[in-house]
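Below: one structure, written as structure tokens.
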Amino acid sequence: MTESNPAEAGNMREPQLPRRDWILLPMLSLLTTVLLILGTELIARLEFSDSATGLAPCLILNDISTGVRGVPNSECWAKATESSWTEYKFNSCGHRAGMECGPKDPGSYRVVMTGSSMAMGLYVAREKSIAGRLPWELSRLTGRKIELYNASIGAAYGGTPHSVALRFNEVLAAKPDMILWLLTTWDLDHVSDLRPQEEYLRAVGRSTSAHSVSASFQTSALGRAAAKVGAESIADLLYEQLKAFRFRVLLTHYLFMSQSLYVKSYLKNEDDAVGFLKADWGPDWRERINEFDGYAANIEEQSKAAGIPLVVVLVPNRAQAAMISMGEWPEGYDPYKIDNELRAVIMSHGGIYVDIFPAFRTIPNPENLYLPVDGHPDAEGHAMISGLLAKVLTSGVVPDLRAATQQQAALEKTK
Amino acid sequence: MDTASLQFVFFGLAVALLSNLSRSRIWRSAVLMLASVAFLGLLSHNPLVFLPLIGFLALGYAGLMLIERGWSRTMVWSLLAVIFVYVWLKKYTFLPEASFLHFSYFTLGLSYIFFRVLHLLIESGDGGEKRRVGFGAYLLYMLNFTTFVSGPIQRYDEFAQDQFANEPIPLGPRVIGLQLERIVRGFFKVNVLAMLFNMVRVDALAQMSQPLPASLKIYAAFRLAVFYPLFLYANFSGYIDIVIALARLMRVRLPENFDRPFSASSVLDFWNRWHMTLSNWLKTYVYNPLLVALMRRFPSPTLEPFLGVICFFVTFFLIGVWHGRTSEFIVFGVLTGGGMSINKLWQLGLTAATGRQRYRELRMNTVYAALGRGLNFGWFGFTLFWFWGDWKQIGTVFSALSAVQWIGVWLAVWLAGTAVLGIWEWLRAALLSFKAAEEPLLTSRYARVVYASALGLTAFVITFLLSQPAPDIVYKAF
């Protein structure tokens with residue numbers, strides 16, 4: 001690149017621009033712009049395709065007596081923009097359990113897992129998800145035969161704490177020796193939701209209501225600016241069109257691979273979305289944790305009555321994982337805050353809370369194990385989380401899962 | 001308003017448009033003054049924060065008045081007063097903390113105003129041709145929003161020649177097109193290239209303190225050394241591109257500040273191409289007078305080249321120190337001045353050993369030049385550790401690897417710099433050799449329109465995307 005404009009150097013009298021250039025140059029600019037957009041969009045659509053309906057055909061979306069749940073004996077293949085094609089098979093109870101619902105294998109210790117998308121293993125083949133890996137890890141560490149029945153539902157706003165509380169009978173019906181409730185910060189953001197949001201229903205073609213301005217648009221900078229000048233509908237339409245461009249995913253996918261840029265960008269979210277990362281919570285997040293407390297009390301009471309230990313764990317989201325790993329964050333933020341709040345709630349009702357947050361400090365770039373734009377962990381992320389979970393679960397917090405010494409494990413094998 | 005942001009560009013374009021409504025110098029000066037005041041107002045809404053800056057400007061003007069009225073003996077005292085007040089307002093850490101003003105005030109652009117004030121004082125007191133600088137012209141020169149934040153450091157005469165000309169320099173479609181292309185290029189450099197380079201650097205810096213295997217830490221150290229110079233170049237030269245183009249649209253020619261600095265094959269050459277207006281200023285007002293003074297004091301032809309070495313050290317040490325007020329910048333100054341001096345000694349030694357002709361031939365040798373380019377790049381990257389880091393960060397970074405590993409890193413930086421910059425030079429020459437109508441195709445207006453459109457679109461999209469927050473877990477179609 002040249003620093004100066006040589007064509008201009010010293011010229012006090014400027015030569016005339018040929019008349020054809022007044023047409024040619026703007027056309028050239030337009031052509032470059034169009035070709036660049038089309039080219040990038042084409043590459044983005046090839047690399048970041050998705051299935052139009054996702055998991056929706058395998059889900060019952062409108063039953064508010066249970067929240068979203070799986071269609072019994074259904075099977076779907078789905079792909080998100082950043083994931084590969086994934087198979088989702090639901091058993092006769094509507095669970096992606098990897099086994100039929102019914103009694104456990106004789107002599108085995110059964111863990112029943114509940115939660116939302118991360119627990120269900122969204123975007124990840126079942127055998128590579130936490131549900132697929134954790135029993136193997138636990139068996140290896142304890143020397144016992146351990147199986148995991150996954151009762152989580154995690155798509156289309158399923159698996160929220162309210163929905164888990166409503167479907168907790170399904171968890172107990174699976175006759176667990178231990179219940180593992182795997183939470184994400186998203187669950188706490190949507191504590192009481194039982195139905196998918198309108199935006200989701202529109203995206204999968206299940207919306208029955210007239211088009212309205214989406215929640216994500218309303219909270220965006222563009223949405224707020226448009227509302228001020230009363231052009232919300234037009235701006236929303238424009239926003240929807242822009243969102244349809246796949247090159248947005250392509251660019252952000254690669255940009256958000258940067259730890260620092262992602263955290264910076266994530267913290268630009270409104271307080272409503274990232275308030276849980278603040279060192280001092282606002283009233284919205286206080287209210288959410290209070291609501292959560294109600295569902296947690298209900299769930300813990302049921303498990304206590306059944307005499308089954310309930311273990312709760314929170315998995316940090318992508319931004320939290322990055323912040324913890326970096327070991328520093330902007331003033332006024334605290335990625336550990338929600339972990340501490342949740343521990344207090346669970347332990348106040350007598351549940352067991354296991355903490356995997358500090359372990360993220362020792363993992364370099366853990367955010368690389370999550371999908372950069374979507375935020376769910378990929379297969380390697382599931383492997384990392386199940387490894388951490390296996391370690392804390394066998395540390396003695398659940399007496400039945402205390403890690404066996406090598407000799408004990410060998411003895412068990414001989415038996 | 002962030003400098004080099006889209007708002008800044010639109011602000012500058014609007015001012016340029018307004019300025020061109022009349023060719024009258026009064027109109028153009030009035031527009032520039034109002035725009036510069038408005039620019040300051042956009043940077044801070046509290047008028048009180050400008051009080052120290054106003055005081056500094058008043059001090060400079062008072063000194064100028066005294067000199068212009070024949071009190072030329074006051075020049076030294078005026079210079080010392082301006083230097084002291086500058087150091088005090090910038091809160092250099094060697095001054096006692098208690099002596100500073102304990103309210104927050106505006107110091108953005110003060111470093112550049114400092115140079116402009118010193119330049120006016122020295123030029124007015126040097127006994128040459130006298131000219132009067134009116135208060136309005138003084139303020140316009142000092143507060144000109146196109147040079148306010150980060151230069152370039154323009155000489156008053158050059159500024160006055162264009163700004164106060166009865167017949168302003170021409171501005172036709174061709175020049176406008178070139179300036180718009182330069183604005184787009186500058187905007188792309190600052191908002192895309194610099195952002196990406198900085199992103200790599202920050203990530204690498206974070207990795208230096210993470211529990212990673214040595215190989216990954218070495219790679220992080222390599223990125224840290226390589227990407228900061230690139231970031232700094234894209235950031236600063238991009239901003240300069242924007243302001244030079246905006247000023248030209250207002251019919252004022254600002255001096256160039258960069259001339260492909262990483263093409264320099266020695267440290268001496270580098271500082272002729274990097275932040276040129278700063279190094280030229282210091283060469284004019286520090287290097288030359290100091291060399292003359294030393295030569296008078298030690299009038300020996302044998303010593304003369306070595307006096308030059310000393311003057312290089314002092315001049316570029318001051319460049320380093322000027323960049324910041326903490327002790328890290330003293331080291332930066334020592335390294336910058338030291339690099340210049342050692343390079344000069346190398347030149348002298350090699351010339352003495354091989355003869356002037358052979359040394360000239362060696363310098364023209366492609367491999368020697370490429371190795372020099374790589375070495376200069378690596379050295380600059382090394383000195384910049386004391387530019388971007390505080391002692392704690394520098395300590396963390398250097399203790400992350402062993403001495404041998406660090407030597408490996410710098411060797412790799414040198415070799416990579418040699419190879420990549422060598423290929424870049426060759427590629428650039430090859431591309432520029434394609435000509436149509438006596439002009440390289442790459443710099444034709446058609447090519448400029450194509451790449452300006454591409455860069456502009458990319459910069460706009462990325463700026464837009466990064467102004468949006470990253471989403472939480474996405475539930476679009478699942």
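Quick note on labels: first sequence line is chain A, next is B, and so on, each numbered from 1. Treat the numbers as computed from the prediction; the structure is a model and nothing was measured.
- Residue Leu171(B) touches chain A through its backbone alone, counting heavy-atom pairs closer than 4.5 Å.
- Heavy atoms closer than 4.5 Å to chain A are found in both the backbone and the side chain of Ala454(B).
- When atom types are taken as modelled, the side chain of Arg174(B) and the backbone of Gln16(A) share a donor-acceptor pair closer than 3.5 angstrom.
- Residue contact with chain B, scored on non-hydrogen atoms closer than 4.5 Å, is absent for Leu30(A).
- Evaluation of the side chain to side chain donor-acceptor pair (under 3.5 Å) rule for Thr160(A) yields no partner, not counting sequence neighbours.
- Using a distance-only test at 3.5 Å, with no hydrogens or angles considered, a donor-acceptor pair links the side chain of Lys268(A) to the main chain of Leu466(B).
- Ranked by non-hydrogen atom pairs under 4.5 Å with chain B, the options Leu255(A), Leu31(A), Leu35(A) are led by Leu255(A).
- With a threshold of 4.5 angstrom between heavy atoms, Val200(B) does not approach chain A through any atom at all.
- Ser453(B) and Thr32(A) form no side-chain donor-acceptor contact under 3.5 Å, judged by distance and modelled atom types alone.
- Contacts of Thr40(A) with chain B are absent, with no heavy-atom separation under 4.5 Å from either backbone or side chain.
- Contacts classified as side-chain hydrogen bond (donor to acceptor under 3.5 Å, both in side chains) and involving residues 192-203 of chain B (residues at least two apart or in different chains) are given here: Ser258(A)-Asp203(B), Ser260(A)-Asp203(B), Asn198(B)-Arg201(B).
- With a 4.5 Å cut-off on non-hydrogen atoms, Asp21(A) touches chain B through its side chain but not through its backbone.
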